[in-house]
Amino acid sequence: MTADNNVHSSSMSFRQEHSRKRTLIVTAVEAEREAVLRGLGGQKDVDVLAGGVGPIAVAAKTAAALAAANYSLVISAGIGGGFAGQAEVGSVVVATESVSADLGVETADAFLSFEELGFGTTRFQVNTGLVQSLTAALKAAGLTVASGPILTVSTATGTAEHAAALAARVPGAAVEAMEGYGVASAAHNLGIPFIEIRTISNQVGPRDRDAWRIGDALKALQSASTVIAEVLI
Ligand SMILES: O=C(O)c1cccc(C(=O)CC[C@H]2O[C@@H](n3cnc4c(=O)[nH]cnc43)[C@H](O)[C@@H]2O)c1
């Protein structure tokens, strides 16, 4: 194969360059998957998978899906908790990076991440161009949008103290959820571009399930999915 065969025209848009392949969107639960499908409105070349709650279940399901078809983009999509001052309930957040926020060791003095322990990475950066184009399109569609690190945890936060500890651990942390890093890990293993998008159902902090606004978050997820169809697929 000559070098020319490897050259992708710089004038080609992300969609044009990847138009021959499919997009995989991974949610945790069926209610999120149905909201995404409503937003996509019959869009072709996209598969939507409810991969289960938590990073391990969703990573396994995502890896199995990626092994079965040819994808050019993987999206982790769903509801999430917003950190105070970063993401309000009902808003949309586009990940600049997906961070496994509790992969490490808790000592008497501090939390040590996998990086600090020399065990590898806990952060997958998202392509800046993808973040910027999706964020701009979501804003143009009238949605309240932010971008920043989205944390993946295996144990959801239920106290103000732990919320503050996570916000200090990852400066600028916008959202806490439970799947993005697992989806990102499966995509990374195959060199497939990844992005995460969350719509905010609650504030991260003291446990108060009565305060969750899951319906509003699912409506925002449906609206955001319409934009995803226009911009990324
Ligand atoms: O029962 C609770 O107090 C509780 C608190 C936080 C999360 C849960 C879940 O069962 C989360 C399930 C599901 O929702 C996503 N999600 C939404 N908000 C958050 C959050 O603040 N922290 C972590 N995950 C959140 C998550 O991605 C899961 O798919 C229950």
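Just the heavy atoms: all of them, side chains too, but no hydrogens, waters or symmetry mates, feed the values below. Whatever order the structure lists ligands and atoms in, that order sets their numbers, starting from 1. Predicted model, so just to flag it, every value in this text is computed and none were measured.
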(Q) If only side-chain N and O atoms count, and only distance matters, is there a donor-acceptor pair under 3.5 Å linking T96 with Q125? (A) no
Q.
Applying side-chain hydrogen bond (donor to acceptor under 3.5 Å, both in side chains) to R198 and S76, what does each step give before you reach the verdict?
A. CA-CA 8 Å; R198 292 282 163 177; S76 173; 3.3 Å; yes
Q.
Who clusters with I56? Use side-chain heavy atoms, under 4.5 angstrom, across I, L, V, M, F, W and Y, and order the result by chain and number.
A. none
Q. Are any side-chain N or O atoms of E196 and backbone N or O atoms of I75, one a donor and one an acceptor, separated by less than 3.5 Å?
A. no
Q | Nearest neighbour in protein (non-hydrogen) for atom 9 (C) of ligand 1 | A | W212 CH2, 4.1 Å
Q) Does E97 use its side chain to pair, donor to acceptor, with the backbone of I150 at less than 3.5 Å? A) no
Q. In terms of side-chain heavy atoms, does T135 have a donor or acceptor partner in Q132 at a distance below 3.5 Å?
A. no
**Q.** Side chain, backbone, both or neither: the part of E176 lying under 4.0 Å from ligand 1 by heavy atom
**A.** both
Q) Taking both backbone and side-chain atoms of T157, is any N or O found less than 3.5 Å from an N or O belonging to ligand 1? A) no
Q. With the threshold set at 4.0 Å, does a side-chain nitrogen-carboxylate oxygen contact exist between E179 and K61?
A. no
Q. Does E32 come within less than 4.0 Å of ligand 1, judged by its heavy atoms?
A. no
Q. Where on A177 is there a heavy atom closer than 4.0 Å to ligand 1, on the side chain, on the backbone, on both, or on neither?
A. both
Q: Considering the heavy atoms of R209, write down every atom of ligand 1 situated less than 4.0 Å from one of them.
A: 1 (O), 2 (C), 3 (O), 4 (C), 30 (C)
(Q) Can you tell me which portion of N202 lies within the under-4.0 Å heavy-atom range of ligand 1? Options are side chain, backbone, both, or neither. (A) side chain
Q) Would S201 count as a contact of ligand 1 if the rule is a heavy atom under 4.0 Å away? A) yes
Q: Between I79, I200, T155, V153, flag the one that comes closest to atom 16 (N) of ligand 1 by a heavy atom.
A: I79
(Q) Please state which option from M178, Q203, R207 has its nearest heavy atom closest to atom 3 (O) of ligand 1. (A) R207
Q | Flag: protein heavy atom within less than 4.0 Å of atom 13 (C) of ligand 1 | A | no
Q) Which atoms from ligand 1 have a heavy atom of A156 less than 4.0 Å away? A) 5 (C), 6 (C), 7 (C), 22 (N), 23 (C)
Q. When you measure from the side chain of S201 to the backbone N and O of G80, does any donor-acceptor pair fall under 3.5 Å?
A. yes
(Q) Is the distance between the ring centroids of Y181 and F124 under 6.0 Å? (A) yes
(Q) With a sphere of 6.0 Å drawn around NE2 of H162, does it hold more than 12 non-hydrogen atoms of other residues, nucleotides or ligands? (A) yes
**Q.** Identity and distance of the protein heavy atom lying nearest atom 27 (O) of ligand 1
**A.** E179 OE1, 2.6 Å
Q) Is the shortest distance from a heavy atom of G78 to ligand 1 less than 4.0 Å? A) no
Q | Those atoms of ligand 1 less than 4.0 Å from some heavy atom in A28 | A | 29 (O)
Q | ligand 1 atoms in contact with R198 (distance to a heavy atom under 4.0 Å) | A | 27 (O)
